[in-house]
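For reference, the structure discussed in these notes is given below.
Lettering follows sequence order; numbering is per chain, from 1. Any value given below was found using the heavy atoms of this structure, including those in side chains, with hydrogens, waters and symmetry copies removed.
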Amino acid sequence: MPELPEVETIAHGVDRRVRGRRIEQVWFTSHRQPFKTPAAKQARELEGRVLLAVHRTGKHIVCELGRAGEEAAGRKRSGTAAAQWIVHLGMTGRLLVCAPDAPLEPHTHARLGLSGGRELRFVDPRRFGRLEFRDLGSAAGFAAPGAEPLTIDDGEFAALFRGRRLPIKAALLNQTLLAGVGNIYADESLFRAGIRPRRAAGRLTRAELERLRTGLVEVLQAAIRLGGSSVSDYVDAEGARGFFQLEHCVYRRTGQPCRSCGMAIRRIVVGGRGTHYCPQCQR
DNA sequence: CATTTCACCTGGTGGC
DNA sequence: TGCCACCAGGTGAAAT
């Protein structure tokens, strides 16, 4: 479900609600699929640690953790992290902060009981999400392989696609090139830049690449401002929907008139993913 | 190596 | 109402 703007919204919301809290109890209610680190090890490692900060890297949510037994840091200060809990939401994952007596939703795989009486819950019907624990004493901190779309400059952006023959749409989705772009924002940024999704990535002109980077940054920032896109069931850390789906120009608008020229939006398949574009505005 | 396809899961929707 | 095909915000392994 979530791409960069949705993950950013969730990470920020979780951070505000859990920063400085201690993880007092851990329940992992599923023992297959979502655990990149074995469930028992995660449960053992998480218990007693303080949540220092929560932030986004690519599509990953990174929870910075203090040492077990460390003093709760309070809401403002954040000490040096000793470990990380890394959450990837896959297609349908949700990370929620709620009251401990809130009804337990189906497919709740993890519950962290926090000091101050709230719970952090991981819910994921399709189980494409992943939970990982990292001890920073023995492993490096999490780093997404791809570049951050919000901060990369035009030169680096152009270099990502040089010599590549795959469709630009598929290249945008490749997380080892850019971290955080998914199906919605790939389609929306290509519309803003006036570029057909099937164009070979390495064949785009310098001017087109600049329009693409600018369009991508603008669409991601606009989506973050509106709390992300709620296409079906996406909600943020407190269960609120986003509103950027109302601003989509092409994504899931097959057959509807282009907001710019009125021509019917077309749907094709590129790289195995549903892809939407305006045949008039995108060349 | 670069690129494409498919499997992994469950649930919602729309046609008949 | 029921059944079925198709669709889905992601990724990584296997095949080409």
Query raised in the report: Rounding to a whole Å, what distance do you find between A:Asp124:CG and C:dG9:C1'?
Result: 12 Å
Requested in this report: Name the nucleic acid region contacted by A:Pro145, choosing base, sugar-phosphate or nothing; use a 4.0 angstrom heavy-atom cut-off, strictly under.
Outcome: nothing
Query raised in the report: Once you round to the nearest 0.5 Å, how far does SG of A:Cys98 lie from CZ of A:Arg121?
Result: 3.5 Å
Report summary line: Whole-Å distance, A:Leu160 CG to B:dA2 P, equals 13 Å
Query raised in the report: Atom CD of A:Glu188 and atom P of C:dG9: how far apart are they, to the nearest Å?
Result: 13 Å
Query raised in the report: Out of C:dC7, C:dG10, B:dT3, which nucleotide sits closest to the side chain of A:Arg165?
Result: B:dT3
Query raised in the report: Going by the angle between their ring planes, with limits at 30° and 60°, are A:His109 and A:Phe122 parallel, tilted or perpendicular?
Result: tilted
Report task. Indicate, with a heavy-atom threshold strictly under 4.0 Å, whether A:Gly182 touches base, sugar-phosphate, or nothing. Result -> sugar-phosphate
**Report entry** Distance, rounded to the nearest Å, where A:Ile86 contributes CD1 and C:dG10 contributes P
**Finding:** 19 Å
Requested in this report: Measure centre to centre between the rings of A:Phe35 and A:Phe28, then say whether the value is under 6.0 Å.
Outcome: yes
**Report entry** A:Leu89 side, atom CG; A:Leu131 side, atom CG - distance, nearest 0.5 Å
**Finding:** 9.0 Å
Report task. Kindly say if A:Gln175 contacts the phosphate of C:dG10, meaning a side-chain N or O under 4.0 Å from OP1 or OP2. Result -> no
Query raised in the report: For the side chain of A:Arg252 and the base of C:dA8, is some donor closer than 3.5 Å to an acceptor across the two?
Result: no
Report task. For B:dC9 versus C:dC4, give the span between their P atoms, rounded off to a whole number of Å. Result -> 22 Å
Query raised in the report: Does A:His88 put a side-chain nitrogen or oxygen below 4.0 Å from OP1 or OP2 of C:dG10?
Result: no
**Report entry** NZ/NE/NH1/NH2 to OD/OE distance under 4.0 Å, A:Arg134 and A:Glu132
**Finding:** yes
**Report entry** side-chain N/O A:Arg126 vs C:dC7 OP1/OP2, d < 4.0 Å
**Finding:** no
Query raised in the report: Nearest to the side chain of A:Phe128, which nucleotide is it out of B:dC8, C:dG9, B:dG11?
Result: B:dC8
Query raised in the report: When rounded to the nearest Å, what value does the distance between C1' atoms of B:dG12 and C:dT11 take?
Result: 22 Å
**Report entry** Inter- and intrachain pairs under side-chain hydrogen bond (donor to acceptor under 3.5 Å, both in side chains), touching residues 240-264 of chain A, at least two apart
**Finding:** A:Ser229-A:His248
Query raised in the report: A:Leu212, A:Phe191: one ILVMFWY side-chain cluster at the under-4.5 Å cut-off?
Result: no
Query raised in the report: What nucleotide, of B:dG11, C:dA8, C:dG9, holds the atom closest to the side chain of A:Asn183?
Result: C:dG9
Requested in this report: Give every residue pair that meets the salt bridge (charged side-chain N to carboxylate O under 4.0 Å, His left out) criterion with at least one member in residues 152-168 of chain A, sequence neighbours excluded.
Outcome: A:Asp154-A:Arg213
Query raised in the report: A:Tyr234 side chain: which of C:dG9, B:dT3, B:dG11 is closest?
Result: C:dG9
Query raised in the report: Between which residue ranges does DNA chain B form stems of three or more consecutive Watson-Crick or G-U wobble pairs, both distances under 3.5 Å?
Result: B:2-8 with C:10-16, B:10-16 with C:2-8
Report task. Looking only at non-hydrogen atoms, find the nearest pair between A:Asn183 and A:Leu173 and report the distance. Result -> N-CD2, 3.6 Å
**Report entry** Spacing of A:Leu178 atom CG relative to C:dG10 atom P, expressed in whole Å
**Finding:** 14 Å
Requested in this report: Could you check which of C:dG9, C:dT11, B:dT10 has an atom nearest any side-chain atom of A:His107?
Outcome: B:dT10
Report summary line: To the nearest angstrom, the CG-P distance between A:Leu226 and C:dG9 comes to 20 Å
Query - Side chain of A:Arg127 (C-beta onward), nearest among C:dA8, C:dT11, B:dC9 - result: B:dC9
Query raised in the report: Starting at CG of A:Asn174 and ending at P of B:dC1, how long is that distance when rounded to a whole Å?
Result: 14 Å
**Report entry** Nearest-Å distance once atom P is located in both C:dG9 and B:dT3
**Finding:** 22 Å
Query raised in the report: Out of C:dG10, B:dT4, C:dA8, which nucleotide sits closest to the side chain of A:Arg273?
Result: C:dG10
Query raised in the report: Looking only at side-chain N and O atoms, does A:Tyr185 come under 4.0 Å of OP1 or OP2 in C:dG9?
Result: no
Requested in this report: State whether A:Lys59 places a side-chain N or O below 4.0 Å from either non-bridging phosphate oxygen (OP1 or OP2) of C:dG9.
Outcome: no
Query raised in the report: Atom CG of A:Asp187 to atom P of C:dC7: distance rounded to whole Å?
Result: 15 Å
Query raised in the report: Of the candidate nucleotides C:dG9, C:dT11, B:dT3, which contains the atom at the shortest distance from the side chain of A:Arg164?
Result: B:dT3
